[in-house]
Amino acid sequence: MSEELYYKSASELSGLLEKGELSSVELTKVVIERTKAVEDRVGAFNSFDEADAISQAEASDGRRAAGEARGALDGIPVGIKDVLAVKGQPLTCSSKMLANFVSPYDATCIQNLKQAGAVLWGRLNMDEYAMGSSTENSATHVTSNPWNLDCVPGGSSGGSAAAVAAGQATVSLGSDTGGSIRQPASHCGVVGLKPTYGRVSRFGLAAFASSLDQVGPFGRSVKDVAMLLQTISGHDERDSTSYKSEVPDYLASLEAFKGKKWTLGLPKEYFESAADSTAMEPVRKAIDFYKSLGCEIKEVSLPHTEYAVATYYIIATAEASSNLARYDGIRYTHRAENFDAKDSVDIYCQSRAEGFGEEVKRRIILGTYVLSSGYYDAYYLKAQKVRTLIRNDFLKAFEEVDALLAPTSPFPAFKKGEKMEDPLSMYLSDIYTISANLAGIPGMSLPCGYSDGMPVGLQILGKPFKEQELLAVGQEFEAAHDFVNQHPDL
Amino acid sequence: MPETPHVDIDYVAKLARIDLSDEEKSKFSGQLESILGYIEKLNELDTDNVEPTAHPHPVENVWQEDLVSSELPVEEALKNAPAQRQNMIVVPKVVE
Amino acid sequence: MEYEATIGLEVHVQIKCESKIFTRCKAGFGYEPNTLVDPVIMGLPGALPVMNKKALDGIIKAGLALNCTIPDYCKWDRKNYFYPDSPNNYQITQYDKPICDGGFVEIELEGKSRNVMGEHKNIKLTRIHLENDVGKLNHFAEDSLVDYNRAGTSLMEIVSEPDMHSGAEAFAFLTAIRQTMVYCGISDCDMEKGQMRADANISVRPVGQKELGAKIELKNLNSITGVKNGIEYEIKRQTRELKKGNEIKQATWRWNADQGITEPMREKEDAHDYRYFPDPDLMPVRVDDEWRNRIRSEIPELPWDKQRRFMEEYELPYTITSVLVPDRELSEYFETAAKQAPKSAQAIGNYVVNNLLRELGEAGLSLAESKVQPEHLLSLVSVVEKRVITKNVANKDVFPEMFKSGETADEVIERKGLKSDIDSGQVEAWCREAIAENPNPVEDYKSGNEKAINSLKGQVMKKSRGKANPQEADEILRKLLS
Ligand SMILES: [Mg+2]
Ligand SMILES: [Zn+2]
């Protein structure tokens, strides 16, 4: 079995660990071997620390032997996007700016994982500072899509999605500001969930856009995603925007909701604009499946959808231009070798010119522009008001339906380099995912089929803090299909 | 919002403290103007009586009591510093 | 042509807190470089701010004490600018919704003489807002070193209207703010420790001209006298320029305390574009009446009110109150005694201001360390009133002993046998001798020269070797001469 161990689900592995049929060290070694076997082709990782992972695994086995196992994730290898702070580990955000940065502290979600006994495994590649939809904006290398090495894995959490798809991690953490979990999950044929804004602490997540960022789980099954979400969710005193409301038992509610006849909405604006998209066929089949289950399918309207991308790029870049000002060549980042010491600003200008990649510079410039004197009302304030309209669209729709079904991306994973030169069309490809971040609602993507051999994701959008309902809706589809056992051949 | 947005790329780059190459300048200003042009579609919407959304689930008065509970040893705080002396960060001499 | 100056002040005051304003990292002064830091203070990737409740209480207290209105709602904004002492390269401050609106500061100008109360007036405030302090740059020949210990300290910025016209008013303004802050326990306002810092906006215009002249922002005013001297110098300089027919360009200047001059720092041309926007990491603050009232109930009687009350209720002279009131502990010490013997309040005031403060000063002790407690003072007052001893003996012999030993007046008198043993009969005898021996003063007195009685009194005191009670001698002499 061990050659397939790396594709087993966290829930199954956790059972084996519990029964003593498997040790965390064995499992971790298998995952390390698998990682090394395919990494030269996939390139999901910026770095990994084998010795550290093994010692975490040994500690886990020790706890289990002493009868002190800490629950479902104890001993399970969890991949970490290189945007989350882990004490003593590199934190690069796939940027030259932080190429040599080692974090002196733990993010809250990382502390939660450590308390749960998880084995933190590697630093996963991403678009620099999470800015992108393809992981091509990484300063280290471009990650490949395990299903077709010529294609991108999506982004920005491309490494997190690819690693799980390729069996290089059992589950993983990513972050989602405009679709950065759901879109790569869709492109790599895995499950990815962006929680409600405020559900998971942002403390220790290197900020891109503070009012949109959320940390979330990747897994090869809905149940695995639920397990990981359980561990990282909850209020955190150190994040003023994290929400005070108790976290339900996600696994229990998966059971409780089985067979529920959901009322599901189809946002007509999404399907109109996606009519010609190659990714639509599997999505329509998925909708038919829910009909066949006896779920009520309703068309709903999100009238402000066409304004989402514009609104998003104002808010996200404005916040980013300020959030990334701390990467300045002074305290802990890359500092330019050569700068004019007589000119008090040149150390910044040169260090940032060298440390940031093109997309990051482009967004900082745009964000700086929209906030610059005279433009605040016209851009940022206006966008915040439109954001209210977009959020209200969803709240209104949720008066009629339990959740929304939609495509995750207009098209499956595209070829590397295909979209690099046209930022606007790249931005527009986030059309179906961006609104959930603006509205602060949860969203999940799960595999629902293929288009020319590449995976296609079904996106389920839910009510604020109702992740358990998304998971339940998703599980109905997953249980009736075999995508959990579909893996790329590497 | 200006009708035909023009980006003074030098001014913005200086504000952002990024030294852009001439190629970057011309490339970015073109791309930014097309993005800003696209963004103008927001003007189609009348938002006079709409409240802005800063936090999707607004809360107020989020604070902690004044008790010391967080620290970072100086060697940890400075271990990533590009240049340090006497446990302080070295920077070029700043006038003022 | 006559010119007049217009001055507005921006005063930064650190709020006394254990931890910093947006993280629970220790706040303090005089620690080893970069030992009061954490991920938030260093601006590390992923670090997030969380408000300090005590800093909010502190600024609301300051606002109420300075007559501001506290709006129901305020929020946090980012002021974006790059500077090595600012870890995030933005300052978290309050742009368009400060926590305190309007208000005014009552100030006292210098009186005609030390013992005459000066004119009081109210200086209008624009606002008071809360923000985080920055780190400290230490300059060397080749480079600068940054210490972030001070970064993130709770800082309130008190912004006045252009409502002052002289260095003296600015001086009085800062003094009044400092007294209020110290009275309320909000800050110690120690300028040497950077707990209070002031910048001034100064403009000069011909008297009668409506619009203000071009303003100079004057920085580096590191002491209250520095504020006075710097502003006065700058007013003279601008007036001189205008008289020469030169125009003043809006700019930032610096006070050079060593040379006692102001010097240009930077032109306003490179004025910053701060790109203010609401901080998405922090939630707004909503203040209700319950909160306002709770803070209001914690505000003590403020200095000017107390001074007016002391002068009225205890009939204290201005000079005494102007020593007692600025020191909250001293004024409370005084009043503890005065409450128990209101008729002797002036005598008590005198003992505190003259005897007690002198002895404390010479011994280098604080009021808290004084062995002489209010009840001891009361014992001294009463023995003098009962004429057990003379004022003279009280000052020369009894009080110094009380101060050393901590005994009551009666104990000192008992131990040292200072009780004046002369009865009135003896005093009257000395008076008769004095009258007999000094015909001239007697004549003068009878012919209406009141003062003449003093030389007779002097004779009586001499005969008694200082032991007679002057008042008693005075009364007997008048009786005999009438
Ligand atoms: Mg100011
Ligand atoms: Zn300030």
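Per chain, numbering begins at 1; letters A, B, ... match sequence-line order.
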Counting only heavy atoms closer than 4.5 Å, note whether [X] contacts chain A via side chain, backbone, both or neither.
| X | answer |
| --- | --- |
| Glu24(B) | side chain |
| Asn61(B) | neither |
| Glu51(B) | backbone |
| His57(B) | both |

For this session: Would you please classify the geometry between the Tyr307(A) ring and the His304(A) ring as parallel, tilted or perpendicular, with 30° and 60° separating the classes?
Result: tilted
Exercise. Parallel under 30°, tilted from 30 to 60°, perpendicular over 60°: which one fits the rings of Tyr327(A) and Tyr129(A)?
Worked result: tilted
Top residue by heavy-atom pair count (under 4.5 Å) with chain A, among [options]?
| options | value |
| --- | --- |
| Val90(B), Leu45(B), Val91(B) | Leu45(B) |
| Leu72(B), Leu78(B), Ile18(B), Ile89(B) | Ile18(B) |
| Ala54(B), Pro92(B), Pro82(B), Pro58(B) | Pro82(B) |

Within the 3.5 Å criterion, strictly below it, is a donor on [X] or [Y] matched to an acceptor on the partner's side chain?
| X | Y | result |
| --- | --- | --- |
| Arg238(A) | Ser201(A) | no |
| Ser210(A) | Glu319(A) | no |
| Thr108(A) | Asp236(A) | yes |

Structural part of [X] lying under 4.5 Å from a heavy atom of chain B:
| X | answer |
| --- | --- |
| Thr388(A) | both |
| Ala439(A) | backbone |
| Arg387(A) | both |
| Ser103(A) | backbone |
| Leu371(A) | neither |
| Ile365(A) | both |
| Tyr427(A) | side chain |

Which of the residues [options] is involved in the greatest number of heavy-atom pairs with chain B at under 4.5 angstrom?
| options | result |
| --- | --- |
| Asp328(A), Asn100(A), Val309(A) | Val309(A) |
| Asp346(A), Ile315(A), Val102(A), Leu212(A) | Val102(A) |
| Ile364(A), Leu98(A), Thr311(A), Val345(A) | Val345(A) |

Seminar exercise, completed: Contacts satisfying salt bridge (Lys or Arg N to Asp or Glu O under 4.0 Å) that involve residues 303-313 of chain A (not counting sequence neighbours) are Glu306(A)-Lys41(B)
Exercise. Which pairs count as salt bridge (Lys or Arg N to Asp or Glu O under 4.0 Å) when at least one residue sits in residues 54-70 of chain B, sequence neighbours excluded?
Worked result: Glu60(B)-Arg286(C)
For this session: Determine, for Lys382(A) against Asp377(A), whether the closest basic-nitrogen to carboxylate-oxygen distance falls under 4.0 angstrom.
Result: no
Exercise. Between Glu75(B) and Lys79(B), is the closest basic N to carboxylate O distance under 4.0 Å?
Worked result: no
Problem set entry | Phe465(A) and its side chain to side chain contact (heavy atoms under 4.5 Å, CB included) partner, picked from Pro195(A), Ser233(A), Pro442(A), Ser245(A) | Ser245(A)
For this session: Determine, using ring centers only, whether Phe203(A) and Tyr105(A) are less than 6.0 Å apart.
Result: yes
